[in-house]
Amino acid sequence: MTFTRRTILAAAVLAACAASPLTAFAAKPLVIGFSQVGAESEWRTANTVSIKDAAKKAGVTLKFADAQQKQENQVKAIRSFIAQKVDVIAFSPVVESGWDTVLREAKAAKIPVILTDRAVSVTDDSLYVTFIGSDFVEEGRRAGKWLLEHAKNTAPDGTVNIVELQGTVGSAPAIDRKKGFEDVIAANPKFKVIRSQTGDFTRAKGKEVMEAFLKAEGKKINVLYAHNDDMAIGAIQAIEEAGLKPGVDITIVSIDGVKGAFEAMIAGKLNVTVECSPLLGPQLMQIAADVVAAKPVPKRITTQEGVFPAEIAAREFPNRKY
């Protein structure tokens, strides 16, 4: 029996396919373009690590871009992802507004968009598939409820003067955490926010703004409400440098639940932190895979979180992952 070169080659190909069909027709790895806000806090660093680790474990090709706190950088990154024809675009927006144009471009390119951690304000909510993250308004409410309960014992009759360190101007967490907190304390006229200013979610800015608050108001300040732990930790330094005891002379309420906050609570310098989990990576990878597979996903996916007062900080600290 005579075999031609073509016959032998065809037989070899068929044998290879029969022996390893998955190798021959291996599925292309999922490609996700992700634009991160920046690296402004412990929380954000943990969020980035969670996303990168989850992508690696899931076999996802992750194209990562750091916006360095600038919206224009995120817009450029999203347009770059569109040009690269990624499977999914995900991002944590620096601010809420100004996304309609670039998201329409993603939709025209038939690339689904997933929001993580922060929401956007757009005229057409079909411009994104889903939003994975915390309920920032509820976090503000939880901070306010804890303070009302705490003040029953610490300030049963007098006025409670509050200074507020807001997050980045125009960002969803800053807007919503302010609203949630104000919704709760508005019911009691003795609670008054006497100063409120952005600290950009950073320790350095938190310290700087708290120094200004102390110079302006001094010992009139009873409570500091910080929109994140990093600003609170910066403010603690300013309070100590002013000769006051953080957590004692000034009650400190913050949000995020990072390890640094637990260390401050154990040291008696911070009174409570409201959890906002940054560990969104595994959820993001699963939702992205579902979206590409055309599986239905909820428009809003809320993470489950708690409230941690100083009394339980030492017990809870070993369990913290960020």
Quick one: do [X] and [Y] end up in the same hydrophobic cluster if we chain Ile, Leu, Val, Met, Phe, Trp and Tyr together by side-chain heavy atoms under 4.5 Å apart?
X      : Y      : answer
Leu284 : Tyr128 : no
Val95  : Phe136 : no
Ile175 : Val169 : no
Leu115 : Ile89  : yes
Ile51  : Ile287 : yes

Check: [X] side chain, [Y] main-chain N or O, donor-acceptor pair, under 3.5 Å:
X      : Y      : result
His227 : Gly167 : yes
Thr130 : Pro298 : yes
Thr61  : Val31  : no
Asn271 : Gly247 : yes
Asp183 : Arg141 : no
Asn73  : Ala67  : yes
Ser92  : Thr116 : yes
Asp249 : Lys245 : yes
Asp229 : Gly257 : yes
Gln166 : Ala174 : no

With sequence neighbours excluded, what pairs up with Phe91 under the ring-ring contact (aromatic ring centres under 6.0 Å, His included) test?
->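 ring-ring contact (aromatic ring centres under 6.0 Å, His included) check on Phe91 returns Trp99.
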
Residue pair [X] / [Y]: nearest heavy atoms and the distance that separates them:
X      : Y      : result
Val272 : Val307 : CG2-CG1, 3.8 Å
Ser134 : Glu139 : CB-OE2, 3.0 Å
Ile32  : Ala288 : CD1-CB, 3.6 Å
Ala151 : Phe191 : CB-CZ, 3.5 Å
Ala106 : Val113 : CB-CG2, 3.9 Å

To the nearest 0.5 angstrom, please state how far the [atom1] atom of [X] sits from the [atom2] atom of [Y].
X      : Y      : atom1 : atom2 : value
Lys269 : Gln237 : NZ    : CD    : 9.5 Å
Asp117 : Phe131 : CG    : CZ    : 6.5 Å
Leu280 : Ile114 : CG    : CD1   : 11.5 Å
Leu103 : Ile78  : CG    : CD1   : 6.0 Å
Lys52  : Gln36  : NZ    : CD    : 9.0 Å
Ser171 : Gln71  : OG    : CD    : 11.5 Å

Can you list the steps and then say if Thr123 with Arg104 is a side chain to side chain donor-acceptor pair (under 3.5 Å)?
-> CA-CA 11 Å; Thr123 55; Arg104 283 197 188 96; 3.2 Å; yes

Residue pairs passing the ring pair (Phe, Tyr, Trp, His ring centres under 6.0 Å) test where at least one lies in residues 143-189, sequence neighbours excluded = Trp146-His150, Phe181-Tyr225

With Glu40 as reference, evaluate Arg203, Lys205, Gln69 under the side-chain hydrogen bond (donor to acceptor under 3.5 Å, both in side chains) test and give the passing residue.
->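 The single option meeting the side-chain hydrogen bond (donor to acceptor under 3.5 Å, both in side chains) with Glu40 is Gln69.
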
Residues sharing Phe262's hydrophobic cluster, by side-chain heavy-atom contacts under 4.5 Å among ILVMFWY, directly or via others?
-> Val163, Leu165, Ile194, Phe201, Val209, Met210, Phe213, Leu214, Ile221, Leu224, Met231, Ile236, Ile239, Leu244, Ile250, Ile252, Met265, Ile266, Leu270, Phe308, Ile312, Phe317

Would you please test Ser277 and Glu305 for side chain to side chain donor-acceptor pair (under 3.5 Å) and show each step?
-> CA-CA 7 Å; Ser277 177; Glu305 296 150 343; 5.3 Å; no

Those residues at least two apart in sequence (or on a different chain) that pass salt bridge (Lys or Arg N to Asp or Glu O under 4.0 Å) with Asp200 are none

Does Val292 have any side-chain contact (heavy atoms from CB on, under 4.5 Å) partners at least two apart in sequence or in another chain, and if so, which?
->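 With neighbours one apart ignored, the set is Leu30, Asp87, Val88.
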
Determine, step by step, whether Ile132 and Thr302 satisfy the side chain to side chain contact (heavy atoms under 4.5 Å, CB included) criterion, reporting the C-alpha distance in whole Å, the side-chain angles of both residues, the deciding distance to 0.1 Å, and the verdict.
-> CA-CA 6 Å; Ile132 306 168; Thr302 305; over 6 Å; no

List the steps, then state whether salt bridge (charged side-chain N to carboxylate O under 4.0 Å, His left out) holds for Glu42 with Lys259.
-> CA-CA 8 Å; Glu42 276 189 65; Lys259 284 183 177 180; over 6 Å; no

Stepwise, does the salt bridge (charged side-chain N to carboxylate O under 4.0 Å, His left out) test hold for Glu275 with Arg320?
-> CA-CA 11 Å; Glu275 187 178 30; Arg320 305 310 293 169; 3.2 Å; yes

[X] bridged to [Y] by N-O distance under 4.0 Å:
X      : Y      : answer
Arg44  : Asp230 : no
Arg118 : Glu96  : no
Glu149 : Lys145 : no

Evaluate the criterion side chain to side chain contact (heavy atoms under 4.5 Å, CB included) for residue pair Glu72 and Val75; output intermediate values, then yes/no.
-> CA-CA 5 Å; Glu72 59 265 33; Val75 171; 5.6 Å; no

Go through the steps to decide whether Glu138 and Arg142 satisfy the test salt bridge (charged side-chain N to carboxylate O under 4.0 Å, His left out), and finish with yes or no.
-> CA-CA 6 Å; Glu138 180 58 27; Arg142 288 175 179 175; 3.4 Å; yes

Check the pair Glu217 / Arg195 against salt bridge (charged side-chain N to carboxylate O under 4.0 Å, His left out), numbers first and verdict last.
-> CA-CA 9 Å; Glu217 304 294 346; Arg195 295 270 171 173; 2.8 Å; yes

For Glu105 and Thr101, does a side-chain donor sit closer than 3.5 Å to a side-chain acceptor?
-> no

Should Asp135 and Arg300 be marked as a side chain to side chain contact (heavy atoms under 4.5 Å, CB included) after you check the CA-CA gap, both sets of side-chain angles, and the distance that decides it?
-> CA-CA 10 Å; Asp135 184 336; Arg300 177 71 168 93; 4.3 Å; yes

For atom NZ of Lys299, decide whether the heavy atoms of other residues, nucleotides or ligands shown that lie under 6.0 angstrom number more than 12.
->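 It does: Lys299 NZ has more than 12 such atoms within range.
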
Residues two or more places apart in sequence or in another chain: which of them pass side chain to side chain donor-acceptor pair (under 3.5 Å) with Lys207?
-> Glu211, Glu241

Test log, rule side chain to side chain donor-acceptor pair (under 3.5 Å), inputs Thr159 and Lys192 = CA-CA 7 Å; Thr159 297; Lys192 297 179 180 179; 4.9 Å; no

